[in-house]
Amino acid sequence: MTKRAQPFMLSFLLTLLQSISTHAQYNLLPETIEIAPLEKAITFARIKDNETYSTLAVLAYTNNRLLAINLNNLLNKPNLDAISLFNEFGYEKIIESIATADESVKTSIHAKSLILPVNLNKNNIAAGTNYKAHAQETDITKTPFLFSKRVQPSSPYSQVPLTTPALDWEVELAFVPLKDITESVQPNYIGLILSNDFSNRKILMHNVDINNVESGKGFVQGKSAPGLLPVGNLFVIPKDYRSFSKSIQLRLNVNDQPKQQTFSQQMIWDIDEILSEIWKAKYRKWEYKNKSIGLLDQPNIISSRTLILSGTPEG
């Protein structure tokens, strides 16, 4: 039986995961997506032509086509992705360059040509049961908890291996540090991207500690297989990530049927609380593939380009 999924966010951040299955792909892209105004956020995408990567500033997304500016050409920095460009030029310089760009540098790109919008790490951090209604439906814990998800994020059009009938979808908003974060310094900017935190429930339930679910035991095993972390085709850097991230609606459809829908403001832990809990758990360890692993690559650093998955709603 073929499964396909179409999760997307409304409000300013709107992005999409392509449909997934074992043998086929389907174009389920919405025809039109609302793009945040530059004074609130910069929306990035990326394409590849032969061996050349182009980072795009997305101005509009209508009828499956993007009106965009090639930032690598505009800023004379070939092949750099959105995070590298942002770290070098900053928010104000990039929006000034976009706002004053000549009409001749604007181009129309079909949404199908978009690839993974930024380079990302394979050691990621996830929050479980961070929506009250999801915690109630699982009936296993009432308290959010953290675990490690060890898998390289895949592109928005990648296939997900359907290795078990117990494969579950989870639409989530992911926060992405643009620079390494330390415990003593709060980040000025954080990127946002849509993700689908797929789980092999058979493996997860075989390894979970049912008497201490908050330990996160079993979650790394059930969520870390290749292909179980596709992400969206747009990457958004808000001017104020705290307020912006609370204005998002999450939705997920399976075979055109709505399965998940909520507002991100319903999170139990917001991004500041998630970061605080990460520092509390920085020495926690799990066994995975005969190794002892933790949340962080280094005890005192949340590495840039790490996906911080903020939890999934009910459904």
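Values reported hereafter were calculated over all heavy atoms of this structure, with side chains retained and with hydrogens, waters and symmetry mates removed. Keep in mind it's a predicted model, so treat the numbers as computed, not measured.
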Q | side-chain contact (heavy atoms from CB on, under 4.5 Å) evaluation trace for F89 with L75 | A | CA-CA 9 Å; F89 291 95; L75 300 172; 3.8 Å; yes

(Q) Applying ring pair (Phe, Tyr, Trp, His ring centres under 6.0 Å) to Y189 and F86, what does each step give before you reach the verdict? (A) CA-CA 10 Å; Y189 295 97; F86 189 90; 4.9 Å; yes

Q. Can you list the steps and then say if I308 with V176 is a side-chain contact (heavy atoms from CB on, under 4.5 Å)?
A. CA-CA 6 Å; I308 302 175; V176 183; over 6 Å; no

Q: Kindly indicate, with the supporting measurements, whether the criterion side-chain contact (heavy atoms from CB on, under 4.5 Å) is fulfilled by L309 and F147.
A: CA-CA 10 Å; L309 303 164; F147 57 91; over 6 Å; no

(Q) The test is side-chain contact (heavy atoms from CB on, under 4.5 Å); show your working for L80 and T55 and say whether it passes. (A) CA-CA 7 Å; L80 294 187; T55 294; 5.9 Å; no

Q. So R65 and T32, side-chain hydrogen bond (donor to acceptor under 3.5 Å, both in side chains) or not? Walk me through it.
A. CA-CA 8 Å; R65 298 201 70 87; T32 299; over 6 Å; no

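Considering CZ of F145 and CG of N130, their distance stands at 10.0 Å, rounded to 0.5 Å. Atoms CG and CG, from N72 and L85 in turn, are 5.5 Å apart once rounded to the nearest 0.5 Å. How far CD of E277 is from CG of L295: 11.0 Å, rounded to the nearest 0.5 Å. Here the straight-line distance linking atom CG of L120 with atom OG of S195 works out to 10.5 Å at 0.5 Å rounding. Note: K106 NZ to S104 OG = 10.0 Å, rounded to the nearest 0.5 Å. Here the OG-CG distance, from S113 to L66, works out to 7.5 Å after rounding to the nearest 0.5 Å.
In this structure, I301 is not a member of the same hydrophobic cluster as I278, with clusters built from ILVMFWY side-chain heavy atoms closer than 4.5 Å.
Residues N196 and L229 fail the side-chain proximity criterion, which asks for heavy atoms closer than 4.5 Å. Taking the side chain as every heavy atom from C-beta outward, S292 and W286 never approach each other to under 4.5 Å. With a 4.5 Å cut-off on side-chain heavy atoms, P153 and N124 count as touching. Side-chain contact between F175 and S245 is present, with at least one heavy-atom pair separated by less than 4.5 Å. Residues F44 and L71 have side chains in contact (heavy-atom distance under 4.5 Å, counting atoms from C-beta outward). With a 4.5 Å cut-off on side-chain heavy atoms, I109 and I47 count as touching. Using a 4.5 Å heavy-atom cutoff, the side chains of I193 and V236 are not in contact. A 4.5 Å side-chain heavy-atom check between V58 and L234 finds at least one atom pair inside the cut-off.
The two residues F244 and A41 have their closest heavy-atom pair at CE1-CB, 3.8 Å. Here the closest non-hydrogen pair linking S310 and L173 is OG-O, 2.5 Å. Considering all non-hydrogen atoms of both residues, S155 and P230 come closest at O-CB, 3.9 Å. Of all the heavy atoms in I302 and P177, the pair that sits closest is CG2-CG, 4.1 Å. The two atoms that bring D272 and Y241 nearest to each other are OD1-OH, 4.4 Å, heavy atoms only. Residues K246 and R242 approach most closely at CG-O, 3.4 Å, considering heavy atoms.
A donor-acceptor pair shorter than 3.5 Å can be found between the side chains of S54 and N70. Side-chain contact check for N87 and S84: no donor-acceptor pair (N or O, by modelled atom type) lies under 3.5 Å. There is a side-chain donor-acceptor pair under 3.5 Å between N123 and R150.
Applying side chain to side chain contact (heavy atoms under 4.5 Å, CB included) to I190 and the options I271, L178, I237 leaves one that passes, I271. For the side chain to side chain contact (heavy atoms under 4.5 Å, CB included) criterion with L59, the lone passing option out of T43, I69, I35 is I69.
For residues 256-283, no residue pair satisfies the ring-ring contact (aromatic ring centres under 6.0 Å, His included) rule, not counting sequence neighbours. The salt bridge (Lys or Arg N to Asp or Glu O under 4.0 Å) analysis of residues 89-102, with sequence neighbours excluded, yields the pairs E92-K239. Within the structure, the salt bridge (Lys or Arg N to Asp or Glu O under 4.0 Å) test picks out the following pairs touching residues 173-186 (sequence neighbours left out): E183-K282. Each salt bridge (Lys or Arg N to Asp or Glu O under 4.0 Å) pair with one or both residues in residues 44-53, not counting sequence neighbours, would appear here, but there are none.
A donor-acceptor contact shorter than 3.5 Å links the side chain of N121 to the backbone of S304. No donor-acceptor distance shorter than 3.5 angstrom exists from the side chain of E170 to the backbone of F198, with no hydrogens or angles considered.
Within a 6.0 Å radius of CG in N76, no more than 12 heavy atoms belonging to other residues, nucleotides or ligands are found.
Under the rule for a side-chain contact (heavy atoms from CB on, under 4.5 Å), N188 has no partner lying at least two apart in sequence or in another chain.
Hydrophobic cluster membership of I115, counting Ile, Leu, Val, Met, Phe, Trp and Tyr whose side-chain heavy atoms lie under 4.5 Å apart directly or via other members: Y53.
Remark: K149 engages D197 in a salt bridge, criterion side-chain N to carboxylate O under 4.0 Å.
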